[in-house]
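So the structure is just underneath, and the comments pick up after that.
The structure presented is a predicted model; accordingly, all values stated were derived computationally and were not measured. The residues of the chain are indexed from 1 along the displayed sequence. Atoms within each ligand, like the ligands themselves, are counted from 1 in listed order.
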Amino acid sequence: MTEKDEIKSKDLPFTAIILAAGKGTRMNSSLPKVLHPVAGKPMISRVIACCKKAGVNDIRVVVGHGAGLVKNVLETEGVSFFEQKQQLGTADAVRSAQPETIEGNIIILNGDHPLIEARDIEGFIREFKEQKLDIGLVSTVLKEPGDFGRVVRSGGELYAIVEAKDASAEAKKIKEVNTGIYLTRAAILNLLLPDIKNQNLKKEYYLTDIISLGISERKKVKTITGAKNVSMGVNNQIELAKATKIVFKSHMKKLMESGVLIIDPRNTYIEETVEVAPGTVIYPGSYIKGHTKIGKFCMIEPNAFIVDTMIEDSVQIRAGSYLESSIIRTKCSVGPYARVRPDSELLEEVHIGNFVEVKKSKLGKHTKAAHLAYIGDADVGANTNIGCGTIFVNYLPNKTKHKTKVGDNCFIGSDVQLIAPIEIGAGATIGAGSVITKNVPANALAVTRSPQVIKENYKPKS
Ligand code: UD1
Ligand code: CA
């Protein structure tokens, strides 16, 4: 290779090959392993996201077990899929990705190492280029190397990788392991891949053999050191839970550093997509997911479940409340034990109390429903009081749904049923226990109640 060629290859872009065809037998799950979520996000999506963030945009995913499902889930992620029909080993998986159609550099990653970060990949690429390597193998040293392939050295120099299953007792003691990440040039990969044989205990084509093959071809093959997170593979449910915990922990650390008060981070669960502003207090047992955004000085009491919800400043989410895909404006108070279902919006200083369910409804400023109510498909004005036990009857026997409109400054007494579609004008009062079937004009009183009967000295007939 001339110096000019070398400079050229140094500047070539990287294609990622992510191996994800394996069954994941040890997961004991019908879901393909790489789709198992780590802190709410499929593990392979994490690997894909890191590649992209590190500037590797041509991504080939090798699918096999559960290929249809994997493709479905990853459909919008802008990757290409290559099917490995039979899982004959990691080298065979790489072959399935048609490396002969790749020019330039290649980084090979496992789909089951979800804790890798973009900066890890950036570092590997930098080192591969700076050292002008033919093959870079990312290794790391582990206290308990377990089932990882061992990095065997001879006179300090990289010599081979030996799978734990095939390793001698002596080799098993080695603590430097193969993380399953390789950087190389397409030309070199395509030169060595055909020479990989399946002469091992599992009768599989091991990609790890590329190391000794490269060395015997006098290529420049070196290790690149990876951090521990890079090596953290997920092969069973216990490792999956560990990975999730690590993601939660590191996100909560960032939140606490920025001034969020998390009373017991070991028992709080916040996905890394969630934003929380300083001064907010989060009690134990809360699980906060997705694209949730929480403002300053909020109080999230124990066991709240919050997903994809926008919560502004100084909001109280009281114990045991469940919120989904909604907007909660400043100074609202929700719960304890309230449920806010998708497409709801509570404007400033709304209060919904215990056992109140709100669905696809907008509640105006200062409106209150303090206890035991169902508010569905409604547009409620400001300063309205919704009494205890009130039901917005939105669902009819013919299975159609209808809307209710309630104006500003209304007083809806306790145990009222508003049969939709219906409109209650501003300032109206609805007597307790009424079943309202006709629109009520502004400032009117509506009451539907049978007169009370008194029978003195009443004795039931025997
Ligand atoms: C592999 C390495 C091992 C390394 C470890 C890091 C080999 C032979 N061994 O072992 O040295 O320490 O990763 O985690 O490479 N896959 C396919 N098709 C196949 C087989 C596997 O796509 O035919 C995929 C799997 O879905 C997985 C990845 O390749 O994402 C690794 O396979 P796995 O069986 O988990 O390999 P390990 O035994 O962990
Ligand atoms: Ca693995």
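Considering backbone and side-chain atoms together, Ala21 places an N or O closer than 3.5 Å to an N or O of ligand 1. In terms of N/O distances under 3.5 Å, ligand 1 is not approached by Arg26. Residue Gln86 has no nitrogen or oxygen atom sitting less than 3.5 Å from a nitrogen or oxygen atom of ligand 1, judged on distance alone. Considering both main-chain and side-chain atoms, Asn178 comes within under 3.5 Å of ligand 1 through a nitrogen or oxygen pair. When only interatomic distances are considered, the shortest N/O to N/O separation between Glu163 and ligand 1 falls below 3.5 Å. Of the N or O atoms in Gly149, one or more lie within a sub-3.5 Å distance of an N or O in ligand 1. Looking at ligand 1, you'll find an N or O of Gly89 within less than 3.5 Å of one of its N or O atoms.
With a 4.0 Å heavy-atom cut-off, ligand 1 is reached by the backbone of Leu88 but not by any atom from C-beta on. For Ala93, every heavy-atom contact with ligand 1 shorter than 4.0 Å involves the side chain, none the backbone.
Taking all heavy atoms of Val62, Thr140, Thr90, Val63 into account, the minimum distance to atom 15 (O) of ligand 1 is reached by Thr90.
For the residue pair Asp92 / Gln84, a side-chain donor-acceptor distance below 3.5 Å is found, with atom types taken as modelled. Side chains of Tyr182 and Asn178: a donor-acceptor N/O pair is present below 3.5 angstrom, by distance only. There is a side-chain donor-acceptor pair under 3.5 Å between Ser29 and His36.
Annotation for ligand 1: atoms under 4.0 Å from non-hydrogen atoms of Thr208 are 7 (C), 9 (N), 11 (O), 15 (O). With ligand atoms numbered from 1 in the order given, ligand 1 contributes 30 (O) to contacts under 4.0 Å with heavy atoms of Gly111. Atoms of ligand 1 found under 4.0 Å from any heavy atom of Ala20 (numbered from 1 in listed order, with element): 22 (O), 26 (O). For ligand 1, the atoms sitting less than 4.0 Å from at least one non-hydrogen atom of Tyr206 are 8 (C), numbered in the order shown with element in parentheses. Counting the atoms of ligand 1 from 1 in the order shown, those under 4.0 Å from a heavy atom of Asn110 are 6 (C), 13 (O), 14 (O), 28 (C), 31 (C). Each of the following atoms of ligand 1 lies closer than 4.0 Å to a heavy atom of Thr179: 6 (C). Atom numbering of ligand 1 starts at 1 in the shown order; those under 4.0 Å from a heavy atom of His113 are 6 (C), 14 (O). Heavy-atom contacts of Gly22 reach the following atoms of ligand 1: 16 (N), 17 (C), 22 (O), 25 (C), 26 (O) (cutoff under 4.0 Å).
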Table please: side-chain donor-acceptor pairs of residues 306-318 below 3.5 Å, with sequence neighbours left out.
residue	atom	partner	partner atom	Å
Asp308	OD1	His291	N	2.7
Thr309	OG1	Val307	O	2.8
Thr309	OG1	Ser325	N	3.2
Thr309	OG1	Ser326	N	3.4
Glu312	OE1	Thr330	N	3.0
Glu312	OE1	Thr330	OG1	2.9
Glu312	OE2	Arg329	NH1	2.7
Asp313	OD1	Lys296	N	2.8

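Counting only residues at least two apart or on different chains, the side chain to side chain donor-acceptor pair (under 3.5 Å) pairs with a member in residues 57-76 are Thr15-Asp58, Arg60-Thr101, His65-Gln87.
A salt bridge links Glu157 with Lys222: the distance from a Lys NZ or Arg NE/NH1/NH2 to an Asp or Glu carboxylate oxygen falls below 4.0 Å. Ion pairing of Asp112 with Arg26 is absent here, as no side-chain N (NZ or NE/NH1/NH2) approaches a carboxylate O to less than 4.0 Å. A salt bridge is defined here as a Lys NZ or Arg NE, NH1 or NH2 lying under 4.0 Å from an Asp or Glu carboxylate O, and Glu163 with Lys165 fails to meet this definition.
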Verdict with reasoning, Tyr395 to Lys401, per side chain to side chain contact (heavy atoms under 4.5 Å, CB included):
CA-CA 5 Å; Tyr395 186 57; Lys401 289 215 173 112; 3.9 Å; yes
Test log, rule side chain to side chain contact (heavy atoms under 4.5 Å, CB included), inputs Lys33 and Met43
CA-CA 8 Å; Lys33 173 157 90 171; Met43 46 180 142; 3.6 Å; yes
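Using a distance-only test at 3.5 Å, with no hydrogens or angles considered, a donor-acceptor pair links the side chain of Thr179 to the main chain of Val138.
The aromatic rings of Tyr269 and Tyr287 lie parallel to each other, their planes meeting at an angle below 30°, with 60° marking the opposite boundary.
In this structure, Asp112 is part of the shell of residues with a heavy atom less than 4.0 angstrom from ligand 1.
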